[in-house]
Amino acid sequence: MKVLVINCGSSSLKYRLINMDNDESLAQGLVERIALDGSSLTQSVNGKQYIIKELIKDHKDAIRLIIEALLDVKYGIIKDLSEISAVGHRVVHGGEKYAKSVIINEEVMKGLEECVKLAPLHNPANMDGINACSILMPDTTMAAVFDTAFHQTMPEFAYIYPLPYKLYTELGIRKYGFHGMSHEFVSARAAEIMGKDIKKLKLITCHLGNGASICAIKNGESVETSMGFTPLEGVAMGTRCGSIDPAILTYIMKELNLTIEQASDIMNRKSGILGVSGVSSDFRDVEVAAMKDKNKRAQLAIDIFCYKVKTFIGAYSAAMGGVDGIIFTAGLGENSPRTRAKICNGLGFLGAFIDNIKNNVTGKDAEISTDNSRIKILVIQTNEELVIARDTIKLINKNYC
Ligand code: ADP
């Protein structure tokens with residue numbers, strides 16, 4: 001069985017075709033600059049790259065090109081569209097309505113529409129992808145898999161903000177959390193590596209990419225996470241400020257005479273690692289600036305980031321009454337031994353000791369704690385696409401049983 005996974009943004013679309021018999025990725029690709037000058041599709045199959053540069057005027061055009069690329073005699077991987085058993089779509093926000101993945105039908109599309117106000121930048125693009133697929137692959141079952149769903153198990157005292165309660169009941173303002181598929185995947189894999197039942201573990205998963213979030217997972221369920229109503233809350237990120245004193249917002253708006261859009265732009269696109277370092281939002285550049293050029297602000301940005309992550313690890317250990325495993329994942333978590341070491345340095349009071357030799361690892365799953373560390377520290381490669389594909393298959397099987 002093959003599942004096509006679609007992750008649709010407003011101007012880009014990532015896709016992957018997965019063989020569910022062995023979890024193998026058969027093809028993966030990226031459509032960029034949809035509806036803009038210089039649009040293109042890049043697909044990789046068995047290490048062979050296929051690049052199409054043509055005007056891709058909308059998401060339907062993008063899906064049409066993807067189908068053509070997958071079917072291409074020389075660069076493709078399938079002979080007939082019917083080989084694709086189902087399509088799994090990543091949907092950023094499922095609100096409170098979707099605590100689990102669902103098969104897409106008309107009613108679900110209405111439900112997704114209701115969630116648009118919670119994620120106005122993301123959900124409409126996700127829906128464009130779904131609509132385009134349903135036109136071009138009308139006979140293929142499709143599922144929606146949500147970034148927020150995994151966190152729907154958080155207790156009320158973790159997800160309600162101390163604001164007037166009617167902001168929750170009337171506007172849906174509460175903590176939702178994001179990166180759910182990644183936290184779910186790496187926690188399950190961690191339990192497997194640790195040889196323990198996830199239902200008996202307390203884990204802290206650190207998804208450290210351009211966007212970063214930390215999650216406390218008790219007995220296999222998310223009980224707390226650092227991103228909130230939006231993906232702006234939590235640790236400092238590439239360009240996002242993370243949690244700050246909310247009064248700063250009104251203060252800078254007043255002092256600098258900013259519009260809502262300008263203030264939002266500062267917090268979402270000009271802050272975080274980029275804002276503090278003034279160098280880049282990419283950790284690799286910032287690490288080079290700090291190490292080679294002795295750039296003090298670059299070092300400060302790294303110090304702030306690691307410190308914030310460390311404080312969340314401490315807080316979540318308290319929230320769960322202990323911790324058995326700390327997991328690092330995503331671009332930075334998987335590839336930066338220096339960042340992992342800096343975050344874990346000083347966590348000995350919890351019983352977490354990183355092994356500097358084992359920590360010198362990238363590109364594979366590994367245990368990086370010392371043999372006498374009570375808490376296991378692990379690096380795990382995330383695979384959000386596989387979570388989407390597995391959920392999609394599970395739903396199809398349930399539907400036809
Ligand atoms: P997202 O999916 O949120 O865009 P990723 O998970 O791809 O982000 O992570 C991107 C981040 O990972 C970037 O900040 C990048 O600098 C960092 N990163 C990737 N590889 C390395 C590396 N070898 N060393 C340090 N940082 C890295």
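When a ligand or atom number is given, it counts from 1 through the structure's own listing order.
Salt bridge D282/R284: present, at least one basic N to carboxylate O contact under 4.0 Å. Between K110 and E113 there is no salt bridge, since none of the side-chain N atoms of the basic residue sits less than 4.0 Å from a carboxylate O of the acidic one. The pair E224-K175 counts as a salt bridge, with a side-chain nitrogen and a carboxylate oxygen less than 4.0 angstrom apart.
For a threshold of 3.5 Å applied to N or O pairs, the pair formed by L332 and ligand 1 contains at least one separation below that value. In terms of polar-atom proximity, G331 is counted as a contact of ligand 1, with an N or O under 3.5 Å from an N or O of the ligand. Backbone and side-chain nitrogen or oxygen atoms of F283 are examined, and one is located within less than 3.5 angstrom of a nitrogen or oxygen of ligand 1.
Looking at atom 10 (C) of ligand 1, its nearest protein heavy atom turns out to be N210 N, 3.7 Å. N335 CB, 3.5 Å is the protein heavy atom nearest to atom 22 (C) of ligand 1. Among all protein heavy atoms, the one lying closest to atom 27 (C) of ligand 1 is R284 CG, 3.7 Å.
Atoms of ligand 1 lying under 4.0 Å from at least one heavy atom of S336, given by number and element, are 25 (C). If you number the atoms of ligand 1 from 1 as listed, the ones under 4.0 Å from a heavy atom of G211 come out as 3 (O).
Between the side chains of Y161 and E233, at least one donor N or O lies within less than 3.5 Å of an accepting N or O.
Closest heavy-atom approach to atom 16 (O) of ligand 1 within the set I273, D285, D282: this belongs to D282.
The backbone N or O of V116 lies less than 3.5 Å from no partner atom in the side chain of H93, so there is not a single donor-acceptor pair.
Residue contact annotation: G238 has no non-hydrogen atom under 4.0 Å from ligand 1.
Residue pairs meeting the salt bridge (charged side-chain N to carboxylate O under 4.0 Å, His left out) criterion with at least one member in residues 70-85, sequence neighbours excluded: K2-E83.
Checked against side chain to side chain contact (heavy atoms under 4.5 Å, CB included), L71 has the following partners two or more places apart in sequence or in another chain: I67, I78.
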